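Worksheet: one structure, shown below.
Bear in mind that the values here come from a model prediction, so they are computed numbers and not experimental data.
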Amino acid sequence: MKRTVEINGKTYRIGYTIPEETKQRICNFVNCSEKYLNNENERKIKFEPQSDSAAAQKDDDTLFDIISIMNALPHNNRYRMVQVQLSRIVLYHLAENGIGYDELKNLSFSTKDLDYLYHGVNLNTRLSSNLSAAYGFNFSDLHLISKLTRLSINELFTGRKE
């Protein structure tokens, strides 16, 4: 199984599967249900924290797992949708801090990408016409958001102030 792909002279890691144990740790860390994280429906499912997010402990290993997942090129829909759902958790925590669609658009994120993350697939159009925007944030996106909002990467995923 090919682990990397070269595009325009750069090498990218390909994400194939996420072990169930890692998914469970991620769910605990970001305070979501497994059903939410494993959603493969192209329509948006609202993120609702499962419990008081302050109860979860800081876990650098899980945070690095999440960053690794977010920065891989997804080989399949299941992997891609985990990236999308994690990105929607970031959007939720940004909204808690007064940062929404317009603010992200002003940070140079494309309207098409944001529309997909905020609303899912427009059921009046075919999925194939939306796939170029049907991806979550990568590490560069997360770093930019973190730098410009002054929210840590950990805070973007958990909502916990450091």
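- For residues 140-150, no residue pair satisfies the side chain to side chain donor-acceptor pair (under 3.5 Å) rule, not counting sequence neighbours.
- Between the Asn106 side chain and the Asp102 main chain, a donor and an acceptor come within less than 3.5 Å of each other.
- Distance NZ/Lys105 to CG/Asp113: 13.0 Å, rounded to 0.5 Å.
- Between Leu63 and Thr158, every side-chain heavy-atom pair lies at or beyond the 4.5 Å cut-off.
- Thr17 meets the side-chain contact (heavy atoms from CB on, under 4.5 Å) test with no other residue; sequence neighbours excluded.
- Under the rule for a side-chain hydrogen bond (donor to acceptor under 3.5 Å, both in side chains), the partners of Arg25 that lie at least two apart in sequence or sit in another chain are Glu21, Thr62, Asp65.
- The shortest non-hydrogen separation linking Tyr135 to Leu117 is O-CD2, 3.7 Å.
- Annotation: side-chain hydrogen bond (donor to acceptor under 3.5 Å, both in side chains) contacts of Asn38 (sequence neighbours excluded): Lys23.
- At a threshold of 4.5 Å between non-hydrogen side-chain atoms, the residues Leu144 and Leu148 count as touching.
- The side-chain contact (heavy atoms from CB on, under 4.5 Å) check on Tyr36 picks up Cys32, Ser33, Ile45, Phe47, Gln85, Arg88, Ile89, with sequence neighbours excluded.
- The distance between the ring centers of Phe109 and Phe137 falls below 6.0 angstrom.
- When atom types are taken as modelled, the side chain of Glu48 and the backbone of Lys46 share no donor-acceptor pair closer than 3.5 angstrom.
- Asn39 approaches Met81 most closely through the heavy-atom pair O-CB, 3.3 Å.
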Test log, rule side chain to side chain contact (heavy atoms under 4.5 Å, CB included), inputs Asn138 and Leu142: CA-CA 6 Å; Asn138 62 32; Leu142 294 166; over 6 Å; no
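- A donor-acceptor pair under 3.5 Å is formed between the side chain of Asn71 and the backbone N or O of Phe139.
- For the pair Ile26 and Ile69, the minimum side-chain heavy-atom distance is below 4.5 Å.
- Listed by chain and residue number, nothing satisfies the ring pair (Phe, Tyr, Trp, His ring centres under 6.0 Å) test with Tyr12 (two or more places apart in sequence, or in another chain).
- Rounding to the nearest 0.5 Å gives a distance of 3.0 Å between OG of Ser87 and CE of Met70.
- Taking the side-chain hydrogen bond (donor to acceptor under 3.5 Å, both in side chains) definition, one finds that Tyr79 meets it with nothing, sequence neighbours left out.
- Formation of a donor-acceptor pair under 3.5 Å by the Thr22 side chain with backbone atoms of Ile18 is not found in this model.
- Nearest approach of Glu20 to Glu34, heavy atoms of both residues: OE1-OE1, 4.3 Å.
- Within the 4.5 Å cutoff, the side chain of Ile145 has heavy atoms near those of the Leu104 side chain.
- Take Ser68 and apply the side-chain contact (heavy atoms from CB on, under 4.5 Å) test, not counting sequence neighbours, and it matches Arg13.
- Among residues two or more places apart in sequence or in another chain, the side-chain hydrogen bond (donor to acceptor under 3.5 Å, both in side chains) test is passed with Asn97 by Lys161.
- The shortest non-hydrogen separation linking Ala72 to Ile14 is CB-C, 4.3 Å.
- The line from CG of Leu86 to CD1 of Ile67 is 11.0 Å long, rounded to the nearest 0.5 Å.
- Leu114 CG to Glu103 CD: the interatomic distance, rounded to the nearest 0.5 Å, is 11.0 Å.
- Going from atom CG of Leu37 over to atom CD of Gln24 covers 10.5 Å, rounded to the nearest 0.5 Å.
- Residues passing the ring pair (Phe, Tyr, Trp, His ring centres under 6.0 Å) test with Tyr16, sequence neighbours excluded: His75.
- The structure places OG1 of Thr11 at 4.5 Å from CD of Glu6, a figure rounded to the nearest 0.5 Å.
- Remark: Phe157 engages no residue in a ring pair (Phe, Tyr, Trp, His ring centres under 6.0 Å) (not counting sequence neighbours).
- Among residues two or more places apart in sequence or in another chain, the side-chain contact (heavy atoms from CB on, under 4.5 Å) test is passed with Asp60 by Lys58, Phe64.
- With Leu156 as reference, Leu151 is the one residue of Val30, Ile66, Leu91, Leu151 to meet the side chain to side chain contact (heavy atoms under 4.5 Å, CB included) rule.
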